[in-house]
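Let me begin by presenting the structure, written as structure tokens, before commenting on it.
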Amino acid sequence: MGKKITSKSEDYSQWYNDLVLKAGLAEHSAVRGCMVIKPYGFAIWENMKAELDRMFKETGHSNAYFPLFIPKSFLSKEAAHVEGFAKECAVITHYRLKKDPDGDGVIVDPEAKLEEELIVRPTSETIIWNSYRNWIQSYRDLPLLINQWANVVRWEMRTRLFLRTAEFLWQEGHTAHATKEEAMEESLKMIHVYADFAENFMAMPVVIGEKTESERFAGAEITYTIEALMQDGKALQSGTSHYLGHNFAKAFDVKFTDENGKEEYVYSTSWGVSTRLVGGLIMTHSDDNGLVLPPRLAPIHVVIVPIFKNDEQKSAIDEYADGIVKELKDNGIKVKYDDDDNKRPGFKFAEYEMMGVPIRLAIGPRDLENSNVEVARRDTYEKKIESRENLAQKLNLLLEEIQDNLFNKAKKYREDHTTSVSSIDEFKEVLEKKGGFIEAFWDGSNESEEAIKTQTKADIRCIPLKSDNAEGKCLISGKSTNLKVLFAKAY
RNA sequence: CGGGGUGUAGCGCAGCCCGGUUAGCGCAUCUGCUUUGGGAGCAGAGGGCCGCAGGUUCGAAUCCUGCCACCCCGACCA
């Protein structure tokens with residue numbers, strides 16, 4: 001592991017890249033736009049996944065798996081949907097290679113052309129709804145609440161590790177309901193599940209809101225979003241949930257017979273979060289010394305570093321540490337004892353700071369003598385000597401405190417970087433000097449939205465669900481409106 | 001996909017402009033000894049298709065052409 005990463009203040013993008021690489025989260029692969037998620041980064045994703053999966057099941061959903069490939073014709077069944085994804089689809093045209101007759105390599109066998117091309121899924125609505133047609137006949141089959149964990153491909157022009165890669169991992173929920181009310185409730189419920197996860201596990205405060213028409217998912221009637229503010233003042237769309245109305249039911253002819261024997265189209269929703277969340281996690285808490293992880297998602301909660309001068313001391317510390325490791329494990333703390341003699345303590349301190357381990361214990365001869373340990377927090381760098389008594393209990397409390405502190409710090413940052421403005425000049429000034437979220441009134445028109453976007457490069461992140469319904473004047477048109485929306489530059 | 005930059009040992013770089021012995025340096029690695037409370041010291045050793053493919057030349061890391069990848073800035077997106 002290298003020594004230093006670029007400082008945030010010097011170059012935020014570079015800081016982010018350095019951090020992802022140096023902390024061993026991910027690296028670039030041989031394939032353009034695709035990343036290799038390394039074990040430490042994947043462990044964080046697995047922790048996210050485990051918790052989200054639990055939350056989905058608690059809200060009545062089951063997992064299933066649908067194919068990676070989608071017949072081209074499926075994608076074109078829903079007009080808005082095709083248009084939205086057409087520009088970034090990978091297409092399979094052939095199914096066989098053969099030896100290059102003119103060389104050593106292989107070439108695509110021109111004889112093995114597919115009759116109908118297959119699309120690598122950018123999202124799975126179409127292939128799933130094609131199955132749902134057969135699954136749903138009666139109101140007794142509803143609601144149908146399915147989630148899938150999968151990879152998807154969106155051929156992006158410009159990629160960034162975790163934040164935007166050509167292939168990414170995500171979950172996509174796809175539900176079918178008998179009534180509009182129920183489907184709308186489901187889409188709202190799931191955006192709240194995401195918000196709950198973001199705030200309570202990632203310690204990343206989010207604003208729940210609705211997307212404007214122009215920012216809506218291709219094929220949705222309503223798109224809800226959770227928006228988080230990163231440390232550089234830019235917003236990150238971190239999860240979305242869509243009310244799809246009848247759009248996919250009609251496109252795939254999915255009808256059910258209701259209690260009265262009448263045939264009706266079903267109402268649907270879809271919702272997803274991706275490995276982008278890992279990027280959000282990094283950019284919410286980390287600093288110039290590396291990653292800072294909230295305990296609830298950290299692969300390692302506590303690392304123990306022994307400090308010794310000779311074998312005799314080492315074995316005494318080993319014994320002392322073994323007792324601590326056992327006690328912590330028994331109390332649900334994920335602990336690592338790093339007794340690697342090739343690295344000196346200072347090196348390890350820096351290394352685990354880079355990796356964002358929330359708590360570090362150092363144990364040396366002095367601690368042994370007094371039955372103490374040195375406890376260092378990653379989030380505040382605070383160090384203190386604690387007695388060995390009830391250590392697991394103390395550390396569990398400390399982990400909770402760190403979790404809370406990270407959330408509160410991030411929330412304060414967001415509050416400090418959310419500014420209300422009443423004129424376009426003020427808007428531009430705030431955006432340039434301070435960044436962050438900007439609250440302002442909007443008349444609801446496409447033109448005004450566009451105008452602000454072209455003038456400022458910031459766009460409407462969402463119309464927050466929590467609103468005071470106050471009246472004000474649109475920044476652009478000056479018309480009276482009660483739409484107070486959140487603007488920001490976005491990732 | 002447009003503009004700019006980069007690619008030489010696992011990592012970070014020098015060398016390239018002005019072609020010419022055996023391609024260097026720092027970190028990391030290996031061996032040994034000494035060390036260990038914030039990124040250790042000394043001694044020795046190993047490690048290179050100079051991004052890939054063509055071309056020019058007696059001779060290419062160096063010059064020319066094409067390609068690939070990555071980074072930054074734009075347009076598009078979760």
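Every chain is numbered from 1, with letters handed out A, B, ... down the list of sequences.
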Taking distance alone, no hydrogens or angles, what donor-acceptor pairs closer than 3.5 Å link side-chain atoms of residues 284-292 of chain A to residues at least two apart or in another chain?
unit_1, atom_1, unit_2, atom_2, d
A/Thr284, OG1, A/Gly280, O, 2.6
A/His285, NE2, A/Met202, O, 2.8
A/His285, NE2, A/Ala203, O, 3.3
A/Ser286, OG, A/Ile282, O, 3.0
A/Ser286, OG, A/Val292, N, 3.1
A/Asp287, OD1, A/Asn289, N, 2.9
A/Asp287, OD1, A/Gly290, N, 3.3
A/Asp287, OD1, A/Arg378, NH2, 2.8
A/Asp287, OD1, A/Tyr381, OH, 3.3
A/Asp287, OD2, A/Arg378, NH1, 3.1
A/Asp287, OD2, A/Tyr381, OH, 2.7
A/Asp288, OD1, A/Lys8, N, 2.8
A/Asn289, ND2, A/Tyr381, OH, 2.9

Could you tell me whether the side chains of [X] and [Y] share a donor-acceptor contact shorter than 3.5 Å?
| X | Y | answer |
| --- | --- | --- |
| A/Thr223 | A/His242 | yes |
| A/Gln231 | A/Tyr12 | yes |
| A/Tyr320 | A/Asp367 | no |

statement: Walking RNA chain B from its 5' end, the first of A/Gly239 and A/Lys343 to be reached, judged by nearest nucleotide, is A/Lys343

query: Of A/Asn289 and A/Ala166, whose closest RNA chain B nucleotide lies nearer the 5' terminus?
result: A/Asn289

task: Could you check A/Glu401 against A/Arg377 for salt bridge (charged side-chain N to carboxylate O under 4.0 Å, His left out), going step by step and ending with a plain yes or no?
output: CA-CA 10 Å; A/Glu401 197 183 317; A/Arg377 293 171 62 151; 2.9 Å; yes

Residues two or more places apart in sequence or in another chain: which of them pass ring-ring contact (aromatic ring centres under 6.0 Å, His included) with [X]?
| X | result |
| --- | --- |
| A/Phe201 | A/Phe197 |
| A/Tyr491 | none |
| A/Phe407 | none |
| A/His28 | none |

Give the rounded distance in Å between these two atoms: [atom1] of [X] and [atom2] of [N].
| X | N | atom1 | atom2 | result |
| --- | --- | --- | --- | --- |
| A/Lys348 | B/rA40 | NZ | P | 11 Å |
| A/Arg216 | B/rC77 | CZ | C1' | 18 Å |
| A/Glu83 | B/rC76 | CD | C1' | 14 Å |
| A/Asp341 | B/rU34 | CG | P | 12 Å |
| A/Leu361 | B/rG37 | CG | P | 17 Å |
| A/Glu312 | B/rU36 | CD | P | 15 Å |
| A/Asp311 | B/rU34 | CG | C1' | 14 Å |
| A/Leu21 | B/rA28 | CG | C1' | 17 Å |

Watson-Crick or G-U wobble partner for [N], using a 3.5 Å limit on both distances?
| N | value |
| --- | --- |
| B/rG47 | none |
| B/rG24 | B/rC13 |
| B/rG2 | B/rC73 |
| B/rC42 | B/rG32 |
| B/rU65 | B/rA53 |

How is [X] classified with respect to the nucleic acid when contacts are heavy atoms under 4.0 Å: base, sugar-phosphate, or nothing?
| X | result |
| --- | --- |
| A/Gln237 | sugar-phosphate |
| A/Ser274 | base |
| A/Leu236 | nothing |
| A/Phe217 | nothing |
| A/Thr165 | base |
| A/Glu353 | base |

query: Can A/Glu327 and A/Arg388 be counted as an ion pair, charged N to O under 4.0 angstrom?
result: yes

- request: Could you please name the option among B/rC77, B/rU36, B/rG38 that lies closest to any side-chain atom of A/Glu88?
  value: B/rC77

Closest to side chain of A/Pro365, choosing from B/rG37, B/rG39, B/rU36: B/rG37

query: OP1, OP2 of B/rG37 versus side-chain N and O of A/Arg366: anything below 4.0 Å?
result: no

- prompt: OP1 or OP2 of B/rC76 sitting under 4.0 Å from any side-chain N/O of A/Lys87?
  reply: no

message: Does anything in residues 307-318 of chain A form a side-chain hydrogen bond (donor to acceptor under 3.5 Å, both in side chains)? List the pairs, not counting sequence neighbours.
response: A/Lys314-A/Asp318, A/Lys314-A/Asp339, A/Asp318-A/Tyr337

N/O donor-acceptor pair, side chain A/Arg344 with base B/rG41, under 3.5 angstrom: no

query: Can you name the salt bridge (Lys or Arg N to Asp or Glu O under 4.0 Å) partners of A/Lys336, sequence neighbours left out?
result: none

query: Partners of A/Glu46 by salt bridge (Lys or Arg N to Asp or Glu O under 4.0 Å), sequence neighbours excluded?
result: none

Would you tabulate the pairs of protein nitrogen or oxygen atoms and nucleotide nitrogen or oxygen atoms of nucleotides 49-53 of chain B closer than 3.5 angstrom?
none

Taking [M] as the reference, what is the distance to [N] when you measure between their [atom1] atoms (whole Å, please)?
| N | M | atom1 | value |
| --- | --- | --- | --- |
| B/rG41 | B/rA28 | P | 8 Å |
| B/rG12 | B/rC50 | C1' | 16 Å |
| B/rA75 | B/rU57 | P | 47 Å |
| B/rU62 | B/rA23 | P | 14 Å |
| B/rG3 | B/rG48 | P | 38 Å |
| B/rG24 | B/rG15 | C1' | 8 Å |

query: Under the 3.5 angstrom rule, does the side chain of A/Lys453 hit a backbone N or O of A/Ala458 as a donor-acceptor pair?
result: no

task: Heavy atoms under 4.0 Å is the rule here; annotate nucleotides 70-75 of chain B 5' to 3' with B where the base is hit, S where only the sugar-phosphate is, and - elsewhere.
output: SSSBBB

- request: Mind listing the residues from residues 369-391 of chain A sitting with a heavy atom below 4.0 Å of RNA chain B? Number order is fine.
  value: A/Glu374, A/Lys383

Residues 77-89 of chain A side chain polar contacts: donor-acceptor under 3.5 Å, at least two apart:
unit_1, atom_1, unit_2, atom_2, d
A/Glu78, OE1, A/Ala80, N, 3.3
A/Glu78, OE1, A/His81, N, 3.0
A/His81, ND1, A/Ala218, O, 3.0

